Amino acid sequence: MTETIIVRSARLSDGTSGDILVRDGVIAELGTVSSPADRVIDADGLLALPGLIDLHTHLREPGFEQSETVLTGSRAAAIGGFTVVHAMANTSPVSDTAGVVEQVQSLGDAAGYVTVRPIGAVTVGLEGKQLSEIGAMANSRARVRVFSDDGKCVSDALLMRRALEYVATFGGVIAQHAQEPRLTEGAQMNEGALSGQLGLAGWPAVAEEAIIARDVLLAQHVGARLHVCHLSTAGSVEVVRWAKARGIDVTAEVTPHHLLLTEQLASSYDSRYKVNPPLRRDEDVRAVREGLADGTIDIIATDHAPHPVESKECEWEAAAFGMVGLESALSVVQTSVVDTGMLDWADIARVFSRVPAQIGQLAGYDRGIAVGAPAEFTLYDPKASRVFDTSHLHGKGINSPYLSTTLPGRVIATIHGGYATVLDGELVDAETISRHSAVQSGAHHG
Amino acid sequence: MRHLLSTRDLGRDETIAILDVAEDMAGVADREVKKLPALRGKTVVNLFFEDSTRTRISFEAAAKRLSADVINFSAKGSSVSKGESLKDTAQTLAAIGADAVVIRHHSSGAPLVLAESGWIDAAVVNAGDGTHEHPTQALLDAFTIRRRLHGRAARGKGLDGVAVTIVGDILHSRVARSNVWLLTTLGASVTLIAPATLLPIGVREWPVTVGYDLDDALAAKPDVVMMLRIQSERMHAAFFPNAREYSRQWGLDDERLATLGADSIVMHPGPMNRGLEISAGAADSAKSTVLEQVANGVSVRMAVLYLVLSGTRLAGERPATNERTAS
């Protein structure tokens with residue numbers, strides 16, 4: 001059987017404190033627990049948050065295993081406090097058939113650190129020409145509900161309309177990477193005074209905002225649900241706010257790095273700061289924080305984008321877009337919106353667990369840490385402080401913008417499926433995890 | 001001076017000191033034997049990821065007049081075009097023993113990345129990076145203006161009160177950027193004239209006056225009119241309707257040339273598109289400094305190579321961040 005775990009004296013995000021008993025993969029008791037247990041975790045001073053759910057992760061497998069694999073990305077997720085990641089479709093082959101999404105899901109199950117939910121491509125090969133086999137992916141063992149061409153925008157308005165209509169029939173959602181391609185040809189960084197001075201081709205805010213504006217109107221017209229990936233500008237926040245006020249069924253995400261970092265970092269031409277969408281101005285950072293606080297932006301998602309060293313160890317224009325984010329996400333969120341007083345930990349549980357589960361249609365996360373709910377949670381020490389370095393990274397990528405900076409907080413333990421994936425701030429070894437995972441799936445199917 | 005990467009971080013005293021050393025270097029060109037032994041035994045590599053024969057031979061002449069050994073490394077037809085990274089190229093040059101690397105690169109910021117990478121310890125001189133900067137061009141332009149204004153008495157002087165109008169493709173021009181920072185540091189007032197499509201967003205935050213109408217700008221009788229080259233690929237990317245319309249509105253033709261003041265000068269960084277941004281009459285007039293700019297370019301580049309390779313600390317120079325602090 002699976003192990004029984006008692007977590008002693010954890011503080012919950014609603015402010016109450018108590019023990020948590022984990023038995024047979026579920027939260028069996030809360031409060032003062034006196035039952036025997038195989039393992040006791042002292043959580044005095046630690047915060048228990050429901051398992052974090054990332055709606056936007058690049059796991060790179062199949063096809064780009066030099067950057068990340070499902071296993072290494074799952075380990076990076078677990079140490080960051082995640083229990084679910086949604087694997088983006090820009091793999092090779094592209095996740096545009098039932099076969100590929102089932103493969104990604106089973107690799108995730110075998111790794112056992114987190115639940116891996118594949119995202120299906122909207123169009124064949126992410127080419128923006130023809131819808132992929134969305135129905136087959138939805139009906140596959142992977143039961144795909146989120147579809148995205150992320151990395152590329154579904155820029156053809158008619159194709160986007162059709163995709164929205166098509167997924168609405170089974171309650172799916174299109175997660176749009178909002179980037180007007182013609183306005184961003186060769187673009188390198190946010191367009192403004194700084195891009196002009198640095199001589200880096202500008203990426204105007206309007207290239208994002210115009211697509212979001214078009215898509216919310218399309219979603220309204222066909223009565224479908226739209227999710228906006230990694231919203232990054234003040235104007236985008238306004239468009240989504242306007243759409244929600246009109247009752248349009250739209251959700252939006254923001255990344256931890258867009259909550260914290262600004263375009264000024266590009267002045268160093270250090271390509272760790274090169275990301276899509278680009279880092280924006282101070283006023284944009286303020287606007288996305290406010291949007292997250294007032295509910296205009298529904299969730300936080302990492303856009304974890306690992307790259308091999310050589311893809312970043314070069315001049316800016318030659319470098320790949322993207323930064324790793326799973327391992328640092330909770331710390332960056334703490335420093336940008338919790339320590340600044342804009343969100344409390346109950347809000348974080350909502351925007352980083354409950355609502356992402358709703359968007360991805362995942363069961364078991366609607367009540368957070370509650371008796372009878374699946375044992376998916378993380379223990380976090382918000383009082384810790386650390387100089388973030390490569391020893392804190394557990395995926396294959398070291399392209400983090402936070403190296404050598406001081407970040408608050410640290411994940412001490414993560415419980416997934418009733419077993420620990422992280423203990424004492426360290427990952428549990430892969431063999432132990434896959435043994436637990438096999439027992440778990442045996443319990444499900446047997 | 002450890003490197004020369006941009007004019008934006010050059011102070012006024014430092015800039016004047018470089019121009020004064022360039023005055024000394026200019027004297028060498030007038031001698032029968034055009035050579036100084038200053039950099040004997042030093043190796044200067046011209047690392048050109050973009051073709052630019054004019055800039056390369058100018059740096060080559062400068063290094064040779066200072067007795068340095070010169071290696072020309074052109075990315076075209078080399079392993080670089082087969083995908084070798086900047087890192088591998090830099091480490092190769094370090095292994096060869098380069099003391100200075102003069103780099104021309106299509107990617108903005110590449111010289112800074114090279115200087116701060118730790119891949120090579122050599123002095124780095126930016127010979128033009130993407131649409132960012134071309135600092136030696138701005139230095140030679142400032143040198144040329146100063147000489148026209150003050151002749152042999154130029155030493156120690158800035159460009160206070162000089163009105164400079166720069167016309168053309170500001171958006172893509174590293175020459176314009178380097179000149180904006182350098183000329184304003186020296187006290188000049190700079191006006192930029194271009195179609196709106198060829199001005200960067202945010203240009204109004206630069207320390208310049210911006211306008212669209214060349215005739216209005218010329219009516220203000222600027223001391224210097226600097227015409228920028230229009231690249232043919234801009235015409236195909238809808239920045240303006242066609243060459244004729246550009247030439248009519250933003251070209252320095254003979255009629256416009258005639259409106260200039262008696263002492264005003266016409267500059268162009270070359271190579272010129274005669275008949276497009278500048279008429280033959282303007283290019284060949286007595287006001288034109290095009291060939292002086294080329295000659296002065298060698299003197300300025302001699303000064304820069306000498307300063308970075310001799311480790312001379314200039315007046316007003318801020319200590320380099322990667323330099324060991326003296327105890």
Side-chain angles (χ1 to χ4, degrees), chain A residues 181-209 233 235 262-274 278-284 307-321 398-399 403-404, chain B residues 5-9 49 75 80 83-91 103 105-119 126 128-134 170-178 180-181 192 194 198-208 210 233 237-238 321:
Chain A
R182 284 279 283 158
L183 283 173
T184 51
E185 278 173 13
Q188 298 292 323
M189 68 170 291
N190 180 52
E191 182 164 78
L194 187 62
S195 65
Q197 175 202 316
L198 294 176
L200 290 172
W203 189 308
V206 62
E208 175 174 310
E209 293 152 7
T233 75
T262 70
E263 62 171 0
Q264 287 299 330
L265 291 162
S267 305
S268 63
Y269 294 99
D270 181 337
S271 64
R272 283 185 302 138
Y273 305 117
K274 181 175 174 179
L279 301 178
R280 304 286 189 180
R281 306 162 303 163
D282 266 332
E283 42 269 60
D284 295 301
H307 289 291
V309 169
E310 62 273 17
S311 299
K312 286 291 193 178
E313 208 172 37
C314 53
E315 61 276 21
W316 181 281
E317 280 174 34
F321 287 100
I398 58 162
N399 50 308
L403 299 179
S404 306
Chain B
L5 303 175
S6 73
T7 60
R8 195 160 197 272
D9 41 44
F49 290 84
V80 172
E84 185 178 83
S85 68
L86 181 60
K87 177 182 178 177
D88 288 328
T89 305
Q91 289 181 332
I103 178 174
H105 203 289
H106 46 79
S107 180
S108 298
L112 179 68
V113 170
L114 184 66
E116 295 193 339
S117 62
W119 302 327
N126 181 0
D129 60 329
T131 55
H132 178 224
E133 285 223 32
H134 192 354
I170 309 296
L171 179 63
H172 300 96
S173 176
R174 51 196 171 212
V175 175
R177 281 174 182 73
S178 282
V180 165
W181 312 128
L192 303 177
L198 291 175
L199 286 166
I201 294 283
V203 70
R204 285 173 201 282
E205 293 175 40
W206 294 9
V208 297
V210 179
E233 60 259 36
T321 45

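Remember, predicted model here, so these are calculated numbers, not experimental data. Below, chain A is the first sequence line, B the second, and so on; all start at residue 1.
Looking at B:Arg177, its side chain does come within 3.5 Å of a backbone N or O of B:Leu171 through a donor-acceptor pair.
Only the side chain of B:His105 has a heavy atom closer than 4.5 Å to any heavy atom of chain A. Residue contact with chain B, scored on non-hydrogen atoms closer than 4.5 Å, involves the backbone of A:Ser268 exclusively. Interface remark: A:Gln197 contributes backbone and side-chain atoms alike to the contact with chain B (heavy atom separation under 4.5 Å).
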(message) Working note: A:Asn190 + A:Arg280, criterion side-chain hydrogen bond (donor to acceptor under 3.5 Å, both in side chains); need CA distance, chi angles, decisive distance, verdict.
(response) CA-CA 6 Å; A:Asn190 180 52; A:Arg280 304 286 189 180; 2.9 Å; yes
(message) Evaluate A:His307 against A:Phe321 for ring-ring contact (aromatic ring centres under 6.0 Å, His included), listing each step before the verdict.
(response) CA-CA 9 Å; A:His307 289 291; A:Phe321 287 100; 9.0 Å; no
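Between the side chains of B:Thr7 and B:Glu133, at least one donor N or O lies within less than 3.5 Å of an accepting N or O. In summary, the side chains of A:Glu209 and A:Thr233 do present a donor paired with an acceptor at a separation below 3.5 Å, with no hydrogens or angles considered.
The most heavy-atom pairs under 4.5 Å with chain A, out of B:Ser6, B:Gly130, B:Ser107, come from B:Ser107. Among B:Leu114, B:Val180, B:Leu86, the residue making the largest number of heavy-atom pairs under 4.5 Å with chain A is B:Leu86.
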